[in-house]
2 protein chains.
Amino acid sequence: MFNKKQHVDFQGQSKLGVPPYNNTDSTSERAFRKTSNHCPHNTACEGCSSRHLSLCSALDRDELKDFSKISIDYQKEAKQIICSEDEEAKYLYNIRSGTVRISKMLSDGRRQITGFLFAGDFFGLSCKDRYNFTAEAVTNVDICRFPRTKIMQSFRDYPNLGERVFDMTRTELDSTHDQMLLLGRKTAQEKLCSFLLAMKEKLGRLEVVAENEVDIPMSRTDIADYLGLTVETISRQFTKLHKKGLIEMEGAHKVFLKDIKALSALAIGD
Amino acid sequence: MFNKKQHVDFQGQSKLGVPPYNNTDSTSERAFRKTSNHCPHNTACEGCSSRHLSLCSALDRDELKDFSKISIDYQKEAKQIICSEDEEAKYLYNIRSGTVRISKMLSDGRRQITGFLFAGDFFGLSCKDRYNFTAEAVTNVDICRFPRTKIMQSFRDYPNLGERVFDMTRTELDSTHDQMLLLGRKTAQEKLCSFLLAMKEKLGRLEVVAENEVDIPMSRTDIADYLGLTVETISRQFTKLHKKGLIEMEGAHKVFLKDIKALSALAIGD
DNA sequence: CGGAAAACTTGACAGGGATCAAACTTGTCG
DNA sequence: CGACAAGTTTGATCCCTGTCAAGTTTTCCG
């Protein structure tokens, strides 16, 4: 049996490349936490930096004020678990900042990461009474969560909200189909190129960086488990792309895409 | 580059194992078509055999009568295309009977089947203005379709309908995550076992067959493209399971699961 | 600053599944 | 019925990616 991990491990990744908003030292981190705990019912929805990206964009100012009453806002440090597979699915989680990974595991430790989520993304809705995935913080994250029972009612109270969430769900279903094509039919090189380009797209919307620069927040292991490969293969493919002159690296987490056109062609096997 | 198909092919599969409801000879087939064309606006929603399985189950008798006005009902023969990638996404399709495959292709012909759909399933909603997948009839199918513009309005007019479709969409998103775990991390044997068990589950709800009997409507090639493998590997794994005494075959499309427990264990890599 | 642990890279080798080829079986249709 | 086409199975061989191992770089933390 290949690719079975001998030991189940939950290790996370280095902090290199963590976006600036949570690149805090431990002191300011603690202060931040305290402020947040001081105000558990997040009355600051109105000023939420990820509001325009998230499901909340469907609400006007008054609706948001009401809606914020059922949410609480908190933080998780990198590598912490947000929710686990088989745990009772009480909440819908909404990411305000940072990166989260959603994964599933086989009993012998083989892991598949089914998605990376960023500011504005939510999770915890597409499941029955128990989560059928594990969500972990890749970087420090700022999240708000809503009781699922109440959120379902909100969808009825605010049809715009329901439609917005439905839209986002359909968009996600769309992209899972792309990911299935990738997992089932693409080569290692095509997978990595696809990944880099997708990351550029997603992160490009969230942070302002130099053109063609991508700050990859997750570890090589995470990338491997997302693309259905091993760490070693990921590493070798990075080297290969670098030798081809298609990418430039600065540490393991900052990548410059030197030739988007060539990378795009490689990504779809042309 | 491995597994790149030399020729793009749209071949379907033999008719062996097609469920009885469309195991008609060409004469009765034509008669059926004529009847259907005679009555394009499907006033027979009320008596629809897949109604209780489909999104329509959210509607009561009067609502269904209204709703049926925006649908038309028709048939496609096995191997025919229902809608194609990049084609304008005008309709939502609902399957009344038969099997449909949803697939995506790379330019060199490598294909990934992202799902098989059966009576009660719908498709065509999770996309922007153009379909990003191709839907083809695996067996003869009986489908009804709705203009997308009108269906969105129906979701508002009949909130139960909207919720039902949302539910079904979330359930589907769920299962795509299982499929990603399968594609990214399972071995050929585990993939096939998972597939057989999933088919037993799905088909068990639709047709009455002997306990542990599974009538697989699709070809080996389709199974391969669904599991991210090649036809040859599928065939070899079938043989292997047979030699292990876990399955019995009758032709290529009728399978008897002799040891569900053992198959289940193999499916998740225990 | 310094030492240990974690993360990443590189090399040698192996194997699961792909590829190529051919035989066999089943379905189609005149 | 009979012949051709399509689908399936089996065998021989290859190669991409996994596995195992070791070395290097980066991060963590006293």
Side-chain angles (χ1 to χ4, degrees), chain A residues 1-7 9-18 23 25-26 77-79 109-110 138 183-192 216-225 227-243 249-255, chain B residues 1-7 9-18 23 25-26 77-79 109-110 138 183-192 216-225 227-243 249-255:
Chain A
M1 202 63 61
F2 70 96
N3 193 30
K4 285 197 178 176
K5 295 185 180 177
Q6 300 312 313
H7 308 289
D9 52 359
F10 288 99
Q11 80 267 38
Q13 84 316 326
S14 92
K15 283 195 173 177
L16 240 190
V18 169
N23 195 5
D25 62 34
S26 59
E77 281 177 35
K79 307 183 193 184
R110 279 174 290 172
V138 170
L183 288 170
R185 291 306 185 202
K186 289 189 180 178
T187 64
Q189 181 136 159
E190 291 164 353
K191 286 177 175 180
L192 184 57
I216 301 173
M218 66 290 288
S219 69
R220 296 287 187 265
T221 303
D222 280 351
I223 300 174
D225 284 348
L227 300 180
L229 298 167
T230 58
V231 209
E232 294 93 331
T233 299
I234 295 294
S235 189
R236 276 186 256 270
Q237 294 302 331
F238 264 114
T239 305
K240 214 172 195 172
L241 290 178
H242 182 240
K243 281 182 180 163
M249 308 281 309
E250 199 177 303
H253 295 269
K254 194 185 282 283
V255 183
Chain B
M1 202 64 63
F2 71 97
N3 194 28
K4 286 197 177 176
K5 296 187 179 178
Q6 301 313 314
H7 308 289
D9 51 1
F10 289 98
Q11 79 269 35
Q13 83 316 327
S14 93
K15 283 194 174 178
L16 240 191
V18 168
N23 195 5
D25 62 34
S26 58
E77 281 177 35
K79 308 185 192 182
R110 278 175 290 171
V138 170
L183 288 170
R185 290 305 184 203
K186 289 189 180 179
T187 63
Q189 182 137 155
E190 291 164 354
K191 286 177 175 180
L192 185 56
I216 302 172
M218 65 290 287
S219 69
R220 295 288 187 263
T221 303
D222 281 351
I223 299 174
D225 285 348
L227 300 178
L229 297 168
T230 58
V231 209
E232 293 93 330
T233 298
I234 295 295
S235 189
R236 277 186 255 271
Q237 293 302 331
F238 263 114
T239 304
K240 215 173 196 172
L241 290 178
H242 182 240
K243 281 181 180 163
M249 307 280 308
E250 198 177 306
H253 296 269
K254 194 186 282 284
V255 183

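Chain A is the first sequence line, chain B the second, and so forth, proteins listed ahead of strands; every chain is numbered from 1.
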Review point. Mind checking what makes side-chain contact (heavy atoms from CB on, under 4.5 Å) contact with A:S235, not counting sequence neighbours?
Key: none
Check your understanding: Between CG of B:L229 and CG of B:L183, what distance do you get to the nearest 0.5 Å?
Key -> 8.5 Å
Review point. Is the backbone of B:R110 close enough, under 3.5 Å, to the side chain of A:R185 for a donor and an acceptor to pair up by distance?
Key: no
**Study point:** Any B:H253 side-chain nitrogen or oxygen under 4.0 Å from OP1 or OP2 of C:dT26
**Key:** no
Practice item. Please list, chain by chain and in numerical order, all residues satisfying side chain to side chain donor-acceptor pair (under 3.5 Å) with A:Q189, sequence neighbours excluded. Key: A:Q237, A:K244
**Study point:** Nucleotide C:dT10, atom P - distance to CD1 of A:I234 in whole Å
**Key:** 14 Å
Point to revise | Spacing between A:K186 atom NZ and C:dA18 atom P, to the nearest angstrom | key: 18 Å
Check your understanding: Hey, does the side chain of B:T233 come within less than 4.0 Å of C:dA18's phosphate (OP1/OP2), counting only N and O?
Key -> yes
Point to revise | Contact under 4.0 Å: B:T230 side-chain N or O vs C:dA18 OP1/OP2 | key: yes
Review point. Rounding to a whole Å, what distance do you find between A:R110:CZ and C:dG16:P?
Key: 13 Å
Exercise for review: List for me each residue that meets side-chain contact (heavy atoms from CB on, under 4.5 Å) alongside A:E232, sequence neighbours excluded, and say none if there are none.
Suggested key: A:T230, A:R236
Check your understanding: When you measure from the side chain of A:K79, which nucleotide among D:dT8, C:dT9, C:dA7 comes out closest?
Key -> C:dA7
**Study point:** Pairwise distance CG(A:L227) to CG(A:D222) - rounded to 0.5 angstrom
**Key:** 10.5 Å
**Study point:** Spacing between A:E250 atom CD and D:dT25 atom P, to the nearest angstrom
**Key:** 17 Å
Check your understanding: Out of C:dT10, D:dT8, D:dG7, which has the shortest distance to the side chain of B:S235?
Key -> D:dT8
Check your understanding: C:dG16 P sits how many Å from A:L229 CG, rounded?
Key -> 18 Å
Check your understanding: Below 4.5 Å, heavy atoms only, C-beta onward: do B:R220 and B:I223 meet side chain to side chain?
Key -> yes
Could you write out each protein N or O paired with an N or O of nucleotides 11-15 of chain D at a distance under 3.5 Å?
from: D:dG11; atom 1: N7; to: B:R236; atom 2: NH1; distance (Å): 2.9
from: D:dG11; atom 1: O6; to: B:R236; atom 2: NH2; distance (Å): 3.3

Review point. Just to confirm, is there a sub-4.0 Å distance from OP1 or OP2 of D:dT10 to any side-chain nitrogen or oxygen of B:T239?
Key: yes
Review point. To the nearest angstrom, how far is B:L227 atom CG from C:dG17 atom C1'?
Key: 13 Å
Review point. Whole Å only: how far is the CD1 atom of A:I216 from the P atom of C:dC8?
Key: 10 Å
**Study point:** Length of the line joining A:F238:CZ and C:dA7:P, which is rounded to integer Å
**Key:** 16 Å
**Study point:** Among C:dG17, D:dT17, D:dT9, the one nearest B:R220 by side-chain distance
**Key:** D:dT9
